[in-house]
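Heads up: the structure comes next, in structure tokens.
Letters A, B, ... mirror the listed sequences (proteins, then strands); counts begin at 1. All of these numbers come straight from a predicted model, not from anything done at the bench.
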Amino acid sequence: MLQHIRDRAQGWIAKVIVALIAITFTFFGVESIVSVFTQDSNDAATVNGESISKQAVNLQLQRGIRSGQIPPDQEGQARSQILDQLITRSLLRQYAEEHGLVFTRAQADQLIVQLPEFQDQNNHFSKERFVQSLNNAGFSPGSFRRQLEDDMLITQLQQGLAGSSFVLPSEVKAVSDLQNQTRTFRYALLGPDDLNAPVSVSDEDITAYYKAHQDQFMRPQQVRLNYLLLDRDALASRQDVSDDALEKAYQAQRSKAPKRVSDIVISINDERTAEQAHALADDIEKKLADGGDFAALARQYSSDKSSADKGGDLGVITEGIFGDTFDRTVSSLSEGDVSAPVKLDNAYHILRVTHVDIEDFDSMKAALRKQVQKDEASSRFDELAQKLKDESYSAPDLKSVAEALSLPLKHSEWLGRNNDDALLGNQDVMEAAFSQDVLNTSDINQGYNSDVIELDDDHRLVIRVADWRPEETLPQSDVAGRIRTILTRQRQQAALKDEASRMTASLKAGKPVSSINWQQADSVGRQSDQVDDGVLKAAFTLPHPDSNSTVYAHRPVGESQVIIGLSKVGSTSGSDNSNDFTRSMAERVMTQSIVSGLTASLRDKADITK
Amino acid sequence: MVDEVRDDSEQIDAFKRWWKSSGSSIVVGALLAGIAVFGWKYWQSHQESQAAAASARYQQLIQVVGQSTNEQARGEANTLIDQILQKDDGSLYAELARLIQARLAVDDGELDSARSILADVVSNSDDNYVTQVARLNLARLQLAAQTPDKAMSTLENVTIDSLNAQVLALRGDIWKAQGDADKALSAYQQAQKAATDSDQPIFGLQLKIDDLAPKEAP
């Protein structure tokens, strides 16, 4: 076949074709041709022709889950958020690149070396740490650097915009003048109790409302559940604990507790050979055994002058500073004990624990009991969890399983799919409850026990449907009371509003209304606590009065209406503090809207397919 | 594979003849190609290092501005801005630097100079988001300088949807400065709607709306 092509490849058409292929390869690489044929089920989205792979979304999702930022049960929601973020990133990066912003590899490297996350104790870049941190976060060095380059490009854009945003003194003043405004007004609240005639709701009204709002009275299908809950804490509290075990736990705690230690150091040095040092140390040990004073002997013999002056006192010792042998020796000592000489590096040490920082046994007893119970319950919990799984899988009911595990069988109320039961409202539980295997609507008893549901590390749950009822519209008799309440409230609101606007009209016409019980508010500010918050807010929405006149209006406040007569709008200078706050809020909001305005404008123009 | 089979010496002779006739032009061609490739590579790396230097200057600027805006930082920032304007003129870096320069002038209380910086950006740049922001900021400064007419006409050219709420709110301020409370209120209300739609609140807008509440009919 090749020969055949070669023979024919003399004509000019063939030459043009060959040239085109050659040019395509040369300038655009193999991908350009390959990509034509692999149009692309692997894309989560394309942004102006640039693809975001499903893989990239997954990777980001895994990182989020691994770092704990995304709870595993919110994966679906997180996925679409992540895709959205990736699209935004692409848009911003494309804009930055189109407009000639760059962040080079060398710049990225320089930045990486300076990041404190990748430095050792001496603030030097540590390659191990770098690789380790990246591994933990699910990056390779290459992918991390590329991401960093993109991040920095975007940051350049956004920080530039942020750094250029300002608010003008006149703008701040305009807002703070309004915030520092005061108003003088009188007001009266009209509540449902102030209505002259109570509102009435007839049976026909209720029927009409019931017919017009059927969907409000639809009850979803519901189940009643039997369930078994295996609870680690509950298990633990039933666990017997012997005094021996408590004592043992206390000893373990004490050996780990911080200890204050004194030390007599006999160095091996130019003046002393190892044998001589050893002999001297043994000698001192004997003196101590004969009742010698540790502090005095430390002052006399210890080669560590700084501690010797303090009777050998090293202070409270944290594990890990002086090495394993030291720690082991110390942890074997009780308060007041003295160790035999131990050789560490180039010296013999005689150690004495002068104080153990731990409460006494009796006051720790309760906490220790809890801890021991928990430890011992732990293996029991795993055992029971396994048993729960085995038993509930094969059993035709939950009762026998409850007996086998001696757990109480519990019963729920009626539950719809969306309920706020603290335990059973859990999404996994409801999914199981309404699944085909567990819920058999033609014969409840034919449903199976659910699988063991792991609510969290400490709780296992098995459910079984005890009863089921389908979705139905509640009969009018069941909801008449609810409807009456709704209608009564609506009519009260309307009647109050009428009443308030009658009164307001009369006041506007200059006719006083004798039934009004006015309250006065003089020059109150927006934050005043002299006046009810709702009333205050309403008062600041009234139009300014002309001088020497009063503006009347009514506004709803909660269940009531307030009638307000506003007579004066004044001002205070406001505290420096609050004016500063106004300025910084204004700045922040302005910056935010300028920065996110860029993203929004790019999204408006972009060609995005999902 | 081969059309005709010749023996070795024949082939060598043929090659020699061919080399004699076209050898020199091949050498020249190869040389030219080599020069072109190296030239291109050099030019590319030159461009790259220029771009990296520009990026580094700018990076330093946004770091200085991001950390502090005291007098010393402002001085340092202005020095960097001068370098960027001189060396990277015409780039987006330069344009952003100009916007930052205007903001620093505002911090210094020099609103006139901020205004002329932004006027310069607006008249000398291709239209993009950054230029639109520059226009918006310019209009705000023009209003603060008691020239609401100019501010209004500058706003005419801020056309990006995502800045719409800001533009409308500023129109409200302008109308208010010109004493037309009705138009101001209507602009503020439109701004509030746009701000809600785009989920980008504008600070103090509701206060302004409430304060312009119209007189109710008696």
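- Using a 4.5 Å cut-off on side-chain heavy atoms (C-beta onward), B:Y58 and A:V102 make no contact.
- With a 4.5 angstrom heavy-atom cutoff, B:L61 does not touch chain A via any of its atoms.
- Residue contact with chain A, scored on non-hydrogen atoms closer than 4.5 Å, involves the backbone and the side chain of B:I62 alike.
- A salt bridge is defined here as a Lys NZ or Arg NE, NH1 or NH2 lying under 4.0 Å from an Asp or Glu carboxylate O, and A:R583 with B:D107 fails to meet this definition.
- The 12-atom threshold is not exceeded at CG of B:D199, counting heavy atoms of other residues, nucleotides or ligands nearer than 6.0 Å.
- The candidate with the highest count of non-hydrogen atom pairs below 4.5 Å against chain A, out of B:L96, B:V106, B:D161, B:D173, is B:V106.
- The parts of A:S601 that come within reach of chain B are both its backbone and its side chain, each placing non-hydrogen atoms under 4.5 angstrom from that chain.
- In this structure, the portion of B:Q166 lying under 4.5 Å from any heavy atom of chain A is its side chain and not its backbone.
- Heavy-atom distances place no part of A:V569 under 4.5 Å from chain B, backbone and side chain included.
- Residue A:F103 touches chain B through both its backbone and its side chain, counting heavy-atom pairs closer than 4.5 Å.
- Crowding of B:D197 atom CG: a count of heavy atoms from other residues, nucleotides or ligands under 6.0 Å exceeding 12.
- Counting heavy-atom neighbours within 6.0 Å of B:Q72 CD, excluding the residue itself, gives a total of 12 or less.
- The side-chain tip of B:R140 points at the ring of A:F166 from less than 6.0 angstrom away and within 45° of straight on.
- Neither the backbone nor the side chain of A:Q110 has a heavy atom closer than 4.5 Å to any heavy atom of chain B.
- Interface remark: of the candidates A:V551, A:T582, A:L507, A:T582 forms the most heavy-atom pairs closer than 4.5 Å to chain B.
- The shortest distance between side-chain heavy atoms of B:L92 and A:E98 does not fall below 4.5 Å.
- Heavy-atom distances place the backbone of B:I202, and not its side chain, under 4.5 Å from chain A.
- In this structure, A:H544 and B:K215 approach most closely via the heavy-atom pair O-NZ, 3.1 Å.
- For A:S593, the parts sitting under 4.5 Å from any heavy atom of chain B are the backbone and the side chain alike.
- Side chains of A:Q156 and B:Y93 form a contact here, defined as non-hydrogen atoms less than 4.5 Å apart.
- Taken from CG in B:N128 to CG in A:L598, the straight-line distance is 9.0 Å, to the nearest 0.5 Å.
- Only the side chain of A:Q107 comes within contact range of chain B, with heavy atoms under 4.5 Å apart.
- Between A:G597 and B:S162 the shortest heavy-atom distance is O-OG, 2.7 Å.
- With contacts defined as side-chain heavy-atom distances shorter than 4.5 Å, the pair B:Q59/A:M152 qualifies.
- Using a 4.5 Å cut-off on side-chain heavy atoms (C-beta onward), B:Y129 and A:L161 make contact.
- Interface residue A:S165: only backbone heavy atoms are found under 4.5 Å from chain B.
- Most heavy-atom pairs under 4.5 Å with chain A: of the set B:N164, B:V130, B:D210, this distinction falls to B:D210.
- Ranked by non-hydrogen atom pairs under 4.5 Å with chain A, the options B:N137, B:L163, B:V65, B:L136 are led by B:N137.
- Only the side chain of A:R183 comes within less than 4.5 Å of a heavy atom of chain B; its backbone N, CA, C and O stay farther away.
- With a 4.5 Å cut-off on side-chain heavy atoms, A:F540 and B:L207 do not count as touching.
- Put simply, of B:A144, B:A213, B:A195, B:G204, the one with the most heavy-atom pairs under 4.5 Å next to chain A is B:A213.
- Put simply, of A:L153, A:T155, A:L157, A:V167, the one with the most heavy-atom pairs under 4.5 Å next to chain B is A:V167.
- Between chain B and the residues A:T104, A:L602, A:T541, the most heavy-atom pairs under 4.5 angstrom are made by A:T541.
- For A:R526, the part lying under 4.5 angstrom from a heavy atom of chain B is the side chain only.
- Among A:A162, A:G160, A:P545, the residue making the largest number of heavy-atom pairs under 4.5 Å with chain B is A:G160.
- Contact of A:L542 with chain B is made through the backbone alone, with heavy-atom distances under 4.5 Å.
- The minimum heavy-atom distance between A:S596 and B:Q200, with the atom names listed, is OG-NE2, 2.9 Å.
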